[in-house]
Number of protein chains: 2
Amino acid sequence: MLRISKLSDYAIVLLCEIAKAERGEGTTARQLAATTQIALPTVVKLLKMLKEDGVLLSMQGRNGGYRLARRPSETNLAVIIEAVEGPIALTECMSEELDCQIHSKCNTRPHWVHINAAFRQALSVVTLNDLTTGTMPVPVTLGGVRVAAL
Amino acid sequence: MLRISKLSDYAIVLLCEIAKAERGEGTTARQLAATTQIALPTVVKLLKMLKEDGVLLSMQGRNGGYRLARRPSETNLAVIIEAVEGPIALTECMSEELDCQIHSKCNTRPHWVHINAAFRQALSVVTLNDLTTGTMPVPVTLGGVRVAAL
DNA sequence: TTAAACAGTACTGAATTGGTCCCATTTTAC
DNA sequence: GTAAAATGGGACCAATTCAGTACTGTTTAA
């Protein structure tokens with residue numbers, strides 16, 4: 001089906017919320033669950049992942065909570081999705097130690113490397129800032145020809 | 001994890017094989033299973049899907065088999081993957097009749113539309129011809145900047 | 001000392017995917 | 001005209017992955 005997972009989708013929603021609340025000096029998992037309607041255990045799980053990958057900073061203790069590790073304009077979709085789903089690797093041979101017989105002689109692999117990079121790039125140009133302020137997407141050209149308007 | 005499914009991967013392998021055998025006037029599921037080492041029932045299933053979507057033509061009967069519906073240079077990865085996995089829709093709101101509350105006011109949706117298109121485009125420029133002859137990928141630029149070399 | 005927050009890990013149910021099987025239909029060779 | 005070899009179209013099961021939950025520990029401040 002080739003879908004971004006639900007958890008990645010949730011993560012984006014949560015981070016938008018955190019970005020908005022940033023002036024109030026951070027947010028807690030409990031607050032985020034309340035405002036986003038995502039179940040608290042799920043929110044907790046996601047915030048841990050995002051912290052693990054350096055997207056969020058956390059503060060423990062009584063007045064603890066989470067904050068963005070970087071500015072909204074420096075936090076992009078590629079990083080968020082990778083934090084939740086692991087490295088972007090559209091095919092097995094893009095990530096694992098492969099028992100793929102061919103390896104160097106493979107005609108298909110270079111194309112996947114390329115597609116993978118193009119995809120990751122498309123994700124990485126969209127930042128939290130774009131999502132919270134409603135900035136429109138940048139046009140993409142491929143071989144000099146504009147291919148993705150709208 | 002965000003992976004192309006194994007079946008899509010198999011489908012690409014099968015089609016490359018069919019493209020190669022094209023001079024011999026088509027191939028059968030049995031032959032393809034033998035040359036690719038993919039289990040016959042799986043091969044059969046995939047060929048059906050590819051035919052269903054117009055990627056392959058089939059001939060029934062004693063001397064039947066499969067042929068490409070279009071030339072190798074006109075059969076691309078986007079079409080193949082869509083035949084196996086359904087329309088490319090990275091998020092739910094890209095495909096289904098959505099019970100998504102916001103719909104028109106959503107800040108995120110336009111970005112997904114764009115990412116989706118960029119991804120599909122990256123897939124669609126790679127044809128069976130490229131895969132069988134070893135043609136190298138076309139560079140991609142984004143906002144005028146080259147982003148995916150190699 | 002207690003309460004509210006994060007930290008870490010393990011587990012379970014549901015959904016998707018991968019793979020198989022069965023029987024019907026079509027066509028050709030004998 | 002019959003048998004064999006091919007596709008056509010379902011249904012089905014097992015295995016993996018994903019989503020969600022639970023539990024127990026640690027940190028910090030009131």
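Convention: sequence-line order gives letters A, B, ...; per-chain numbering from 1.
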Phosphate contact (C:dG19 OP1 or OP2) by B:Y10 side-chain N/O below 4.0 Å: yes
Closest to side chain of B:A29, choosing from D:dA4, D:dT7, D:dT21: D:dT7
Protein-nucleotide distance (A:L46, atom CG; D:dG20, atom P), rounded to Å: 9 Å
Judged by nearest nucleotide, the residue sitting upstream toward the 5' end of DNA chain C, A:G65 or A:K45, is A:G65
Checking C:dA4, C:dG18, D:dG8 against the side chain of B:Y66 (C-beta onward), the nearest is D:dG8
Against the side chain of B:R62, the closest entry in D:dG20, D:dA4, C:dT20 is D:dA4
Of all the heavy-atom pairs spanning A:N107 and B:G134, show the shortest one and how long it is. OD1-CA, 3.8 Å
Answer yes when B:R120 and B:E82 have at least one side-chain N-carboxylate O distance shorter than 4.0 Å, and no when they do not. yes
Side-chain heavy-atom pair A:I18, A:L128 within 4.5 angstrom cut-off: no
Find the distance A:R67:CZ to C:dC6:P and express it as a whole number of Å. 14 Å
Quick one: is C:dT20 close enough that its OP1 or OP2 comes under 4.0 Å of any side-chain N or O from B:T42? yes
Rounded to the nearest Å, what distance is computed from the CD atom of residue B:E92 to the C1' atom of nucleotide D:dC18? 14 Å
Would you mind reading off the distance between B:L2 atom CG and D:dC18 atom C1', rounded to a whole angstrom? 14 Å
Quick check on contacts: within residues 48-59 of chain A, what sits under 4.0 Å from DNA chain C by heavy-atom distance? A:K48, A:K51, A:S58, A:M59
Residues in contact with DNA chain C, drawn from residues 30-38 of chain B - heavy-atom cutoff 4.0 Å: none
N/O donor-acceptor pair under 3.5 Å between A:R3 side chain and B:A89 backbone: yes
Looking at side-chain heavy atoms only, is the closest gap between A:T108 and A:T91 below 4.5 Å? no
What is the distance, to the nearest angstrom, from the CE atom on A:M1 to the C1' atom on C:dT17? 9 Å
I want to verify a distance call: between D:dA29, D:dG20, C:dG18, whose nearest atom is closest to the A:K6 side chain? D:dG20
Is the distance from OP1 or OP2 of D:dA5 to the nearest side-chain N or O of B:T28 less than 4.0 Å? no
Return yes if the base of D:dT7 and the side-chain atoms of B:Q60 contain a donor-acceptor N/O pair under 3.5 Å, otherwise no. yes
Would you confirm whether B:T135, through its side chain, and B:L131, through its main-chain N or O, come within 3.5 Å as a donor-acceptor pair? no
Between C:dG18, C:dA29, C:dT20, which one does the side chain of B:L7 approach most closely? C:dG18
How long is the straight-line distance from CZ of B:R70 back to CG of B:L56, given to the nearest 0.5 Å? 9.5 Å
Map B:G64 and A:A39 onto DNA chain D by nearest heavy atom, then report which one ends up closer to the 5' terminus. B:G64
Rounded to whole Å, CG of B:L40 lies from P of C:dC21 at a distance of 11 Å
Are the side chains of A:K51 and A:L47 in contact, using a 4.5 Å heavy-atom criterion? no
Checking B:S5 against B:E85: is there a side-chain donor and acceptor pair closer than 3.5 Å? yes
May I ask you to decide if B:V55's main-chain N or O and B:D53's side chain share a donor-acceptor pair within less than 3.5 Å? no
Ignoring the backbone of B:N63, work out which of D:dT21, D:dT7, C:dT28 is nearest its side chain. C:dT28
Separation of D:dC18 C1' from A:I4 CD1 (nearest whole Å): 14 Å
Report the distance from atom CD of B:E85 to atom P of D:dT17, rounded to the nearest whole Å. 15 Å
